[in-house]
Amino acid sequence: MLENSKHGIAKFRNNGTEINTSVGFQNSGYAKLNGKTVPVPKIANAINSGTSFMKKQPFMRKAFSQNKAKAIAKIEEEIKKREDQFNID
């Protein structure tokens, strides 16, 4: 169900003191669940956090932890490419 979803890093935002971004499901579309069309991020959240009728099956933190070094390297690479946008000294 989630294997075809897209994941990504949102645009960087500079608020003057910090540079922020978001990581998650991006334009991931919809999937059929019990005959209903549901956004993939909503399904992922339900699987990860659980619901009143389904035990949680955490996978996001594990995936992020396993790929932390790669993610940090990619974020640093993107910041270096765009330093002029962030006014970094």
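Quick note: residue numbers are just sequence positions, from 1.
- With a 4.5 Å cut-off on side-chain heavy atoms, N48 and K56 do not count as touching.
- Judged by distance alone, the side chain of N67 and the main-chain N or O of A63 form a donor-acceptor pair under 3.5 Å.
- With salt bridges taken as basic N to acidic carboxylate O contacts below 4.0 Å, one links K74 and E77.
- Here the shortest heavy-atom pairing between Y30 and T37 reads CB-CG2, 3.5 Å.
- Residues I47 and M54 meet the side-chain proximity criterion, which asks for heavy atoms closer than 4.5 Å.
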